[in-house]
Amino acid sequence: MMNLEDHREILNQSGMEMFQLVRKQFIKSKEAFLTHDSDLAEEVLHTENRVNGMDLKLDRECERFIALHNPVAGDLRFVLALRKINFDLERIGDHAYGISSYIVEVDTPVDQAILDKLDFEEMYTAALSMLDDIRDAYQSGNAKKARKVFKKDKILNKINLNSFGVISEEVQKDPKLIDQYLLLFSVIKKIERVGDLITNIGEEIIFYLEAEVLKHRKKKGPSKPSK
Amino acid sequence: MSKDKKESVIESSIKRKYKLQANDVKVWYGDFMAIKGISMDIKPNKVTAFIGPSGCGKSTFLRLFNRMNDYVDGFKMEGEINIDGSNINDKDINVELLRKQVGMVFQKPNPFPKSIFENVAYGLKIQGLKDKAFLEERVESSLKQVALWNEVKDDLNKSALALSGGQQQRLCIARTLAVEPSIILMDEPTSALDPISTAKIEELIYKLKDKYTIVIVTHNMQQASRISDNTAFFYLGELIEYDKTNKIFTNPEKEQTENYITGRFG
């Protein structure tokens, strides 16, 4: 039988693999969208099976870890957090899939001027930077790094909120562009959700590192010194 | 309020708050120091679990509460053990009465080679109680409390040794309850039992805390987390951490506690 320490390390590595896989999916979906590269988008669609497979594998491994080792304290928090992180990463993978499927379905690329008006690229870049921060926080067990994403998520929320006004104004000016704007509106919504999911992952990392529950708390700063 | 009255009010409030109190307790067996100055308060009607690796002093500490160590060769103690605010090591304490108040259940079931009825009535009889109706009533209520009555009510004259291990342990608990203690000490009460019997005893402990203060020594981490309200972790004769069980098993303060409960040492 595998000992608890080794089993936990294997789980940790599997979590890291899931992070890398989903990150790649998200980067590819960004590139595919901005360059309207349907081949790259197809690649994202095909790789979705791997994300789903990895999700199931990690879930099973977490269940096995709980059943075999009856974890408590830090080990229990780790495995509970990892299950939720895995769920959130899989959902981020779903959003990368959703964005890529738009590219495959839509023939004409979106005008660069429209992308600029909506700060679209900035939003995607901020989301990717959040994903990098949270991956690093997970890898290094660094709660401070995990907290960084809460601030960055506000950038995504702001761009998302502004997009309502911009889209409404632009569509009134030129109703022919409604398809492009609707498409962008959907993608912005997805990126905004990705930001929320990364924030959830940040909360989970802090939960397992510091035993602090940040869920549903508006202020997510540290309330006590780390152990 | 006068100073004396004030002190007596404070004292009685401490009595209500804590059933058992240990103040800077030190124990030696010859030259070996088994307990190195432990202080702790145990609340009434709670289950308190003592955990720690073998030889950490948890059983020694448990046995101080009914003075079971008194007859051990080379035993010496310093400090104070109080029950309801009274020092149980005072010279005028009647040890027999103390043990009536503080019952004990051991690792292996130890029924007497007598009938089921005689086992439960034993403590009452040595107290001089002979009234048949009273004894019958107390035997029945004790066996009911440990959920053994329905299993043995038609065989009360059968030898207790014919019962299964789990039934014998419940019988021993019934024997303890018959003399109406207020505290029950349990030293690994399920370590010799199968999982079903263990589950029955655990359920019983959970129910009994309504009427009794229970202190249990266990090596089974899951058992401690399932049944106890508070947990104390002992290591090398010291009390390392004592807190609510939920806290100990989800986010202990001390690294030593975390390492022990997660199986990294011990």
Side-chain angles (χ1 to χ4, degrees), chain A residues 1-13 15 61-85 137 141-144 146-147 202-217 220-227, chain B residues 47-53 56 58 188 190-191 193-196 198-199 201-203 206 216-235 239-266:
Chain A
M1 193 185 99
M2 206 186 305
N3 73 33
L4 181 141
E5 204 99 49
D6 292 346
H7 203 165
R8 184 174 157 163
E9 187 45 35
I10 287 173
L11 274 183
N12 188 37
Q13 286 305 324
E61 273 306 311
C62 287
E63 281 164 16
R64 209 168 147 247
F65 183 80
I66 292 169
L68 288 180
H69 303 290
N70 289 308
V72 290
D75 296 326
L76 179 63
R77 295 199 307 275
F78 167 75
V79 72
L80 292 177
L82 185 58
R83 280 205 78 179
K84 288 189 182 174
I85 290 171
N142 186 332
K144 204 175 161 192
R147 282 196 165 83
E203 290 172 0
E204 289 308 321
I205 290 175
I206 288 162
F207 166 70
Y208 99 72
L209 291 175
E210 297 182 346
E212 204 178 342
V213 178
L214 297 180
K215 216 160 116 179
H216 307 307
R217 238 171 64 180
K220 297 185 194 286
S223 62
K224 60 177 182 184
S226 315
K227 245 203 299 182
Chain B
V47 178
T48 302
F50 289 178
I51 60 168
C56 68
K58 56 191 187 305
E188 295 185 59
T190 62
S191 62
L193 303 181
D194 63 81
I196 302 286
T198 298
I201 301 276
E202 286 183 2
E203 206 177 316
Y206 195 78
I216 178 171
V217 163
T218 179
H219 275 127
N220 182 332
M221 296 296 109
Q222 278 70 45
Q223 180 169 74
S225 66
R226 275 194 298 266
I227 62 170
S228 69
D229 300 287
N230 298 299
T231 297
F233 169 56
F234 293 76
Y235 186 56
L239 177 64
I240 305 296
E241 191 166 349
Y242 176 42
D243 211 325
K244 289 201 164 61
T245 297
N246 189 32
K247 173 92 171 71
I248 294 276
F249 284 94
T250 55
N251 185 27
E253 285 296 324
K254 304 276 170 63
E255 204 180 336
Q256 259 175 320
T257 314
E258 172 130 7
N259 286 341
Y260 179 72
I261 61 168
T262 57
R264 284 178 172 82
F265 88 94

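Note that this is a predicted model, so its numbers are computed, not measured.
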Those residues at least two apart in sequence (or on a different chain) that pass side chain to side chain donor-acceptor pair (under 3.5 Å) with A:Glu61 are A:His7

Rounding to 0.5 Å, atoms CD1 (B:Ile261) and CG (A:Asp75) come to a distance of 8.5 Å

Over 12 non-hydrogen atoms of neighbours within 6.0 angstrom of CD in B:Glu255
no

Closest heavy-atom pair, A:Gly74 versus B:Glu258, reported as atoms and distance to 0.1 Å, is N-OE2, 2.8 Å

The reported gap from CD in A:Glu5 to OG1 in B:Thr262 (rounded to nearest 0.5 angstrom) is 8.0 Å

B:Asp243 meets the side-chain contact (heavy atoms from CB on, under 4.5 Å) criterion, sequence neighbours left out, with B:Lys247, B:Ile248

Does A:Leu4 reach the side chain of B:Arg264, with side-chain heavy atoms less than 4.5 Å apart?
yes

